[in-house]
Each structure stands twice: as C-alpha cells, then as structure tokens.
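Remarks on the structure that follows.
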Protein chains: 2
Amino acid sequence: MVTINEVAKAAGVSISTVSYALSGKRSISRATRERIDRAIRELGYTPNAGARMLAGARTNILALSAPLHADGHLPTHMRFVTEVVRAARERDYDVLLLARDDEVTGIRRVASTSLVDGVVAMGVTERDERVALVRSLGVAAAFIGVPGDSGGIACVDLDFAEAARMAVERLVADGHRTIGVIGHPHGYVDRQQTFMARFEDGLAAAAAEAGVRIVHEWAEVSRGAGARAADALLDAAEPPTAIIFHCNEPAVEEAERRVRERGLAVPQDLSLFAAAASYDPGRLEIPLSGITLPMEEMCTSAVEAALGLRDGVAQATTRILAPALVDRGSVAAVV
Amino acid sequence: MVTINEVAKAAGVSISTVSYALSGKRSISRATRERIDRAIRELGYTPNAGARMLAGARTNILALSAPLHADGHLPTHMRFVTEVVRAARERDYDVLLLARDDEVTGIRRVASTSLVDGVVAMGVTERDERVALVRSLGVAAAFIGVPGDSGGIACVDLDFAEAARMAVERLVADGHRTIGVIGHPHGYVDRQQTFMARFEDGLAAAAAEAGVRIVHEWAEVSRGAGARAADALLDAAEPPTAIIFHCNEPAVEEAERRVRERGLAVPQDLSLFAAAASYDPGRLEIPLSGITLPMEEMCTSAVEAALGLRDGVAQATTRILAPALVDRGSVAAVV
DNA sequence: TTGAAAGCGATACCAA
DNA sequence: TTGGTATCGCTTTCAA
C-alpha cells in the first residue's frame, strides 16, 4: 500500500505538505502542487481510511438505521434507503446500513466506536428508543419522522396533518360530504409510526371543521386487502362519494381495479385522492390527484442535519415540509 | 472518549494486557481479566474503530455493491441486501452500501482506502466490470451470480440451468408437450444478467432432450404485463398446457388472476410452476409448485467467501447451489 | 502471565 | 510557502 510518506519522498516534499495539498487547508505553490499531484498519480496513492479517522476528527461515514417491519412496504423502504445513500454520497459520505434487529444496538456500536460521524434514522415511532439513545451517546443524528420527544434533535417530515387537511378540503370544495379513507395496515398505528397519528388528527380536524363524515378502512398487506377495503366503503348504507388513499401502492392498485370492476367512473361517479403517496400517483392505472411524499428532500435534509451537527444534538430542529397538491383529474364535483 | 490507556490505568495493567484481554489472543490470569473487565464496564470503554483499522489489519466492514435497475424488482433487491446484512452481522461485520451509480467506483474507493475488508457484489452480469476491478485491486470479493470470466474469484449462485431442467422435466413427466415460459423483463437478458442465459440454456437443453416445445413470453414491469403474457401464451393456436414462471411476483400474481378469469382450473386445465422464485410460491393466491431462490444461503455463502479470502482472490471458487423442488399441487397430468 | 515500545498512516500545530 | 514532529488509539513483537 502506498503511503503519504512515499508520496512525499517522490515529490521531494514533507508529508505535511502532501497532507495540506490533499486537504487544501493551506496554500501550496503551483510547482509544488504539480509535483505532488504527479507523485500521487504515478504511485496510485489513496489515503488510508483508518489513519484518517484516527488523526482527523471525522470518518466520512454515516449510519442509516432502517428498521423493516413484517407489514412494511419494501419498495418504499428501499427508496428511502437509496435516497439517503444518494444524499450522503453527494456529500462524500458513505452509508453503513443498520438493519435486521440491529437498528438500535447498531447505533450504539458504530457511534461509541467512532465509526460514523452521524446517524440517520428512518421508521420513526412516537416513543422511539433511538431518541434517548442518540442523546445519551451525543452523536449527531437526524430522524426521518418526528418522534414524540423531539426536543433538541433534528427531524424532518412531511406535514402529514396538513396533507390530510388539504385532501379533505379539496374534496369538500367539490361538495363531498362523506369521505372514505383507506389507510396503511393497522400495524402502522399500533406501533405508533408517528406520521399515522398526525395524518389521522389532520383528517379528523378538517372533517370536523367542514362538518363532513369520514369513513375509515385499513388495508392490510395481504392480497386483496385493497379491494376489500374499497368494497367495504362502497357497500355501506351511505357510501362515500370520494376516497382518500393513505396506503401503499398495491392497495391503491387493487382498489382502483375494484372501482373499475364495480362500473364506477372516476371522477364522475367517485373521486379518488392519493395522500402522502410513497409512489407516483400519476402512473397508476387511473392517475390520481394528490400529494406525493417528498422523499428526496426528506432524505437530503436528514443527511445534512446528521452531518451539520458537529457540536452534538443540541442545536437540532424539526423541519416540517409543506405538502404540494398536484391535480390529475381524479377529483370532481358530486353529481 | 475513553481510551485503552485509561482502562489500563484503572485496571493497573499495561495497555497490551488490555488489548490481549479484548482480543483473547493470549491467556490472561483470572484476576487480571476481572480487573480489566470491571474497568471497561465502569468506564464504558469501547475501542476506537479508526485506531483498530490502522493498527490491526482489518476494518470489520464489508462493502455491498448493489446495482439497481429501472426494471429491477425492489422487494427482491431489498431481500438480498438484508440477507447480506444479516450474514455480515452474524460475523461481527458491518455493511457499507454502495448504490446509486456508485456500485463500481465505490468499490475502488472503499477498497483502495482500506475502508473495507471485502466486497460482496450482487446483480452480476456476464461481462461484469467489477470482476476486473476487484482483481486489480486485490480485494477479497464474492459475487452473487457467476460472471463470464469467473476464474479465481468467489461466486455463488443457484444452479439456474438445473432449475430450468427440473421444471421442464417435472412437466414432461406429467405429459406436457407444449410448455409456456413467462420470463423476467427482457432488459434482464439485454444487460446480460448471468442467471438469465443459464436458465434459458437449461430450458432449451431439457426441452430438446424431451422433444417438447417451449413458448416464451417476457413480462415487463408495466402493470398488466403478467396478464398480457399469460394471454399471449393461452391465445396461441397451440396453447401450452403448462406455464413455467421465471419472473417476479407481481407478474405471477397477474398471470394467476388472468388464468382464473379465463376460467382455467389449476392444475386440471393448466399446470403452473414457479422456477427460481425470489418470493414464496406457497403464498400466492394459487400456491405453486416450484423452486425457490435460496437467498439466505446465497448471501451467507457470499459473505463468508468475501471474508475468508484473506490472502487475496486467488483461492476463490464458484459455488453452485442445487435447486430444491417443492410440490404444492399446481402441476398435474395433461387431460 | 505480563510489560515496554515500535509501529500503523494520517492530521495539524508550531516554527522557519 | 514549506518542514518537522507530536499525536490520534490501538495491535503486536520482543523481552522478562
């Protein structure tokens, strides 16, 4: 392995000069810089990561705590993971993946050994044990999702309450008075994934204000659950005239198919709205008006927060992203 | 941060003794060991990762090169990733995820800086540039999939040719003479994912030997592709009496639904077989007889290979796993 | 069974 | 603009 010593020797300078040439932390004469660059190129030198970690203060590695549940949606999960990797790489960071029951203990391990400079946590719950953990470890961290006790830690999330409100208000504006909602598997609520409660609160508040009725169904992960949820809503005595989807893509696809099978035209007979979609609602069989989860921004923001907090978690703040509603013609006035 | 020095001081021993107590590389008296353990516990000591990497020869980090294509199946991809993480963690290794166009260049980066001890590569293609790369870098590596030029490198894969042969032979044994095959998106073939050619070769060889006809369709990722493929097969002048699925779960689900819609009973009217399934064919709407991809074993084997090769890539070998056929009643004799 | 000390390969301070 | 060198925290050889 080529070391900085050999480069220095080859370039006829001291190792500190090579180091500074590499980091750019002090000015180097043109001639010296060129000699160093040539030596580096010719020798094929790459600085040793371990030595850098030890001597420098940083590792240029970020940990991603990515818990996956049995009823979780793998494509959604994977998109978050790859977006975090992208954002990290754009900042010259590598990502260490903590998964498979190692999402919590792994944080302690990699942080206490100074393997990583920061931690990004996804799949955040209301009483997330990782909050206290990163606090006690004093490691820079950012949560994708807002836990109950978020004081002093960095979080980023879509404004789910506002997303729900916008969905309801959009439908109410078109005269809908009974609105169906198909939600994620109920396990999401049970394990207190934070966005669920905030979405539900937003729904209830907006519905109360507008004086409209909300009918709720939950689409489990099993095959046919989306269709069954749609049936349950539409078979009711007073069926909704609009449905808000707050569930994963497979359930939406099934529901759309069932709607079509029932001979209902969208939006003439039934309005559909995708809320906080982790997929592209514009590419469904029936493209849906709605709000898409800003994954890219969420992950970018989380990575930046996890890297910026060099002095610990104290200065961190919560960032709530405003939902953007895109109209695709799946919502219309009640006939 | 607590260092080994402080532990040594607190325990009243030298740092080398502490180090050896930690690594277990030389025997320590019971009394000394207890004093050290207590000091470690009381001080909350955890060895510094950077220092370990620098002084020791290893980093306890493994890189996972995980290319993802537009037509790739995210759940399958994710399962491979998590299985690699599991296998790595069981061996006290962490996984650094290389993705998002960094699957190749990332290998060079993490290997040349000695950030990782080994590399596991998935999504292997026939002429995979990562093969030459790991060879030139001299980094320990293991491929999940067998590239064209696999000499001297570690690979592990299911025996796709044998899987195809078993599928054909199973159907032929029940008298099927025209067999339909629904394959992965054709992009898999175009980019030369190695398992595709081997599967196709096995199919062709087995069909030729048995003197039966193979009719091929490819299910793209678009919605409805699985159903269309099934229709294309069943609408033919001489429709197959059996279908082998060598595609992802969504396509299989669609095809099954279409089969049902066409009023065909399985296996009375049509036999179905899942070959090299990345999902559980037993949990489909119509449970399928077939061969499941042994992901767990593949990933475990890859991780072990990537870790075992301490002296470079020279002693690596290819490991081909035998397919296991499980009968679930979806195949029967032609009427 | 234990200790002293020489590295490992960088970074960055202090001088020049 | 550049060089010398202490330092980071650990592993491992060599001695005792």
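Here the structure is a predicted model, which means the values were calculated and not measured. The sequence lines fix the lettering, A, B, ..., with proteins before strands; numbering per chain opens at 1.
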>> Within the structure provided, determine whether B/Glu297 and B/Arg319 are in side-chain contact (heavy-atom separation under 4.5 Å).
In response: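 Yes, at least one pair of side-chain atoms sits under 4.5 Å.
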Interatomic distance, [X] [atom1] vs [N] [atom2] [rounded to whole Å]:
X: A/Ile15; N: C/dC13; atom1: CD1; atom2: P; result: 15 Å
X: A/Asn5; N: C/dG7; atom1: CG; atom2: P; result: 12 Å
X: A/Leu115; N: D/dG9; atom1: CG; atom2: P; result: 15 Å
X: B/Glu6; N: D/dC10; atom1: CD; atom2: C1'; result: 14 Å
X: B/Arg58; N: D/dG9; atom1: CZ; atom2: P; result: 22 Å

> Between D/dT12 and B/Lys25, is there an OP1 or OP2 to side-chain N/O distance shorter than 4.0 Å?
Replying inline: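 So the side-chain polar atoms of B/Lys25 do come within 4.0 Å of the phosphate oxygens OP1 or OP2 of D/dT12, strictly under.
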>> Run A/Arg91 and A/Glu304 through salt bridge (Lys or Arg N to Asp or Glu O under 4.0 Å) and show every step you take.
In response: CA-CA 9 Å; A/Arg91 288 154 186 78; A/Glu304 285 189 335; 2.9 Å; yes
> Does B/Ser27 or A/Pro47 map to a spot on DNA chain C nearer the 5' end, using the closest nucleotide for each?
Replying inline: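 Its nucleotide being nearer the 5' end, the pick is B/Ser27.
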>> Is a donor from one side chain sitting under 3.5 angstrom from an acceptor on the other, for A/Ser278 and A/Arg79?
In response: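 No, because no side-chain N or O of A/Ser278 sits under 3.5 Å from a partner of the opposite role on A/Arg79.
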> Cut-off 3.5 Å, side chains only: do B/Thr300 and B/Arg86 have a donor facing an acceptor?
Replying inline: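 The answer is yes; a qualifying pair exists.
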> Start at the 5' end of DNA chain D and walk down; is the nucleotide closest to B/Leu54 or to B/Ser23 reached first?
Replying inline: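 This one resolves to B/Leu54.
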>> Quick check on the helix from C/dT1-D/dA16 to C/dA16-D/dT1: what's the angle between its two end axes, five base pairs per end, to the nearest 10°?
In response: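 The angle separating the two end axes equals 30°.
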>> Classify B/Ser16 by what it touches in the nucleic acid, base, sugar-phosphate, or nothing, heavy-atom distance under 4.0 Å.
In response: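 Since a base atom lies under 4.0 Å of B/Ser16, the category is base.
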